[in-house]
Structure formats: C-alpha cells, structure tokens
Trainee: 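Here it is, the structure, as structure tokens.
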Amino acid sequence: MNKIILALDVCDFKKAEKLVKETSSYIDVYKVGPILFLWSGKEIVKMIKDSGKEVFLDLKFHDIPATVKRSVESAKELGVFSLTVHSAGGEEMLKAAAAVENRPRIWAVTVLTSQITVPQEVIKRAKLAKTCGIDGVISSPLEIGLIKKECGKEFNVITPGIRPAKTDDDQKRVSTPEVAVKEGADFIVIGRPILEAVNPAEAAKSIYGSIIKN
Ligand SMILES: O=c1ccn([C@@H]2O[C@H](COP(=O)(O)O)[C@@H](O)[C@H]2O)c(=O)[nH]1
C-alpha cells in the first residue's frame, strides 16, 4: 500500500471527489477529519470506498470509555480502514477502544504535531497505547526512530507534520516526506502541501516520486 495519506481537509463533497479522482494514482488512503465529516459524513466515506480506496477516519475520539467504545463500533459499521483516539484519554479508554471485535485499525494521537514537546512524553504515550492493544500512534516524524525502537517495528507510526519545503504555518515538529519514510514511517499524512498546490495531482506525484526512490 502506498504510504501517502492525503488529508481531505475541505468542506465540499465535490471538491473532495475531484481531489480523489485527480490523485488516485499516488494515494491509497484518504483521511477524513472533522472538517469534511461534519459536511458530508457517510457520503464521503462511501465515495472514497466506491473509488476503491481506504478511509482513515481522523476524529480523535477522547471521551469516557463507554462512549469511545460505541464510537469505534459506529466507525466499524462505516467500514473505515482506520481511526484515531487520543492517548490522553487514558488506559481505560484506550482498552475499551481496542477491545471492540473486528474493528478498524486504531491509531492513538501522542502529542499533536502543532505542539512543542519532549520525545519522552511521546514515548510514554506510545508505550501506553501499545500496552492497551492499540495498533499504532500518530506522532511527528521526529520521533519515528525512537518509537520503533521502544515499541517494536510492527507498531505502526503515522506522521503528519510533513513538509516537502519549508513553510511558516501551525506545524511545529516537521520533516520532509523522504526523511519520514527513511526513518520508518508506516504512513505519512499530508494536507496543505497538496491541497493548496496550484496542481494537486502534480504535487502528489512529486511527493510520491520522492519517497519511492528510497
Ligand atoms: O498530531 C497531529 C494529528 C493530526 N494531524 C492532522 O494531519 C493533517 C495535516 O495536514 P497539513 O495540512 O499537512 O498540516 C491535518 O488534517 C491535521 O488535522 C496533524 O497535523 N497533527
């Protein structure tokens, strides 16, 4: 499976559909977060799946264990490939999410890539998630090596904060796609560098080209 996940952070079904069509040669998994899900919910998930692609539902569940368990069950009914919970929800919440049978892959957010933190905090949360039966974590590309070392190669590391070129935006812990893939990222999540490009398909192609060389 291609390692690029395109974050469909748009609030328009037609725009999302056009982006999927234009980039489908380079992307197998599309991320749907609150921006798009609040507009198009089930329809967007269906459109992506009907295009033969997978959905990463990034709603970062962070609630009491019973509510998170039922949210994971609902996401399972939608047929998504993976979803996120927030590690700050704690052990009981993470275990409740992981215990749902035949569920999508669950990835726990460690510390948001827009926040400055110390690697020890990310590792502490990654280890907690692993102990609770979660499949992997969302972290910045700066922590990939350390997480793989501490939690094992099989534990998924998914990294937003990917910038092919230097930008001045809200992402604080960043690297290029090439470096993230070399470090061992299982997937890299990219939004604005593709969404805001003059030609999103060309931007996706160029990032794809840069990572398959490695
Ligand atoms: O720690 C996190 C967790 C999630 N994200 C999400 O990834 C994309 C990144 O988009 P860019 O435009 O490439 O910055 C976005 O949907 C975030 O909600 C994250 O960035 N960091």
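Atoms within each ligand, like the ligands themselves, are counted from 1 in listed order.
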Trainee: Could you tell me, atom by atom, which parts of ligand 1 come under 4.0 Å of a heavy atom of V189?
Mentor: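 That gives atoms 7 (O), 8 (C) of ligand 1.
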Trainee: Say whether Q171 and S114, considering side chains only, have a donor N or O and an acceptor N or O under 3.5 Å apart.
Mentor: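 On atom types as modelled, these side chains do not qualify, holding no pair under 3.5 Å.
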Trainee: Find all atoms of ligand 1 within a distance of less than 4.0 Å from any non-hydrogen atom belonging to L112, and give their numbers and elements.
Mentor: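 Atoms satisfying the 4.0 Å criterion: 1 (O), 2 (C), 3 (C).
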Trainee: What atoms of ligand 1 come within less than 4.0 Å of a heavy atom belonging to R192?
Mentor: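 Those of ligand 1 that fall under 4.0 Å from R192 are 11 (P), 12 (O), 13 (O), 14 (O).
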Trainee: Taking only non-hydrogen atoms of P193, do any sit less than 4.0 angstrom from ligand 1?
Mentor: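 So P193 counts as touching ligand 1.
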Trainee: Considering only the protein, which heavy-atom contact is closest to atom 2 (C) of ligand 1, and what is its distance?
Mentor: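 Of the protein heavy atoms, T113 OG1, 3.5 Å lies nearest.
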Trainee: Please tell me if the side chains of E54 and I48 come closer than 4.5 Å, counting only heavy atoms from C-beta onward.
Mentor: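 With C-beta onward as the side chain, the pair stays apart.
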Trainee: Any N/O of K31 closer than 3.5 Å to an N/O of ligand 1?
Mentor: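 In this structure, K31 places an N or O atom under 3.5 Å from an N or O of ligand 1.
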Trainee: Less than 4.5 Å apart, any side-chain heavy atom of T84 and any of I106?
Mentor: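 A side-chain contact is absent here, since even the closest heavy-atom pair is not under 4.5 Å.
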Trainee: Any idea which protein heavy atom is nearest atom 9 (C) of ligand 1, and the distance to it?
Mentor: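 Answer, as residue, atom name and distance: Q171 NE2, 3.7 Å.
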Trainee: Quick test of your reading of the model: are K124 and E121 salt-bridged, counting only N-O distances below 4.0 Å?
Mentor: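 Salt bridge between K124 and E121, a charged N being under 4.0 Å from a carboxylate O: yes.
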Trainee: Pairs of nitrogen or oxygen atoms closer than 3.5 Å, one from G191 and one from ligand 1: do any exist?
Mentor: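 By distance alone, the answer is yes.
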Trainee: Who's closest to atom 11 (P) of ligand 1 heavy-atom-wise, of R163, R173, H86?
Mentor: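 Result: the heavy atom closest to atom 11 (P) of ligand 1 is in R163.
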Trainee: Counting only heavy atoms not in K172 (residues, nucleotides, ligands), do more than 12 fall under 6.0 Å from its NZ?
Mentor: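 Yes, because the 6.0 Å sphere around NZ of K172 holds more than 12 heavy atoms from other groups.
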Trainee: Can you confirm, on distance only, whether ligand 1 has an N/O atom lying under 3.5 Å from any N/O atom belonging to D9?
Mentor: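 Yes, since at least one N or O of D9 sits under 3.5 Å from an N or O of ligand 1.
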Trainee: Heavy-atom count check: over 12 atoms from other residues, nucleotides or ligands less than 6.0 Å from K76 NZ?
Mentor: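 Buried by this count: over 12 neighbours within 6.0 Å.
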Trainee: Apply the test side-chain contact (heavy atoms from CB on, under 4.5 Å) to residues I27 and K53: give CA-CA distance (whole Å), side-chain angles for both, the deciding distance (0.1 Å), then the verdict.
Mentor: CA-CA 8 Å; I27 285 154; K53 302 293 178 180; 5.9 Å; no
Trainee: Taking only non-hydrogen atoms of Q115, do any sit less than 4.0 angstrom from ligand 1?
Mentor: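 Not so, Q115 does not reach ligand 1.
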Trainee: Have W107 and N156 got a donor and an acceptor in their side chains that come within less than 3.5 Å?
Mentor: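 There is such a pair (donor and acceptor under 3.5 Å, judged by atom type) between the side chains of W107 and N156.
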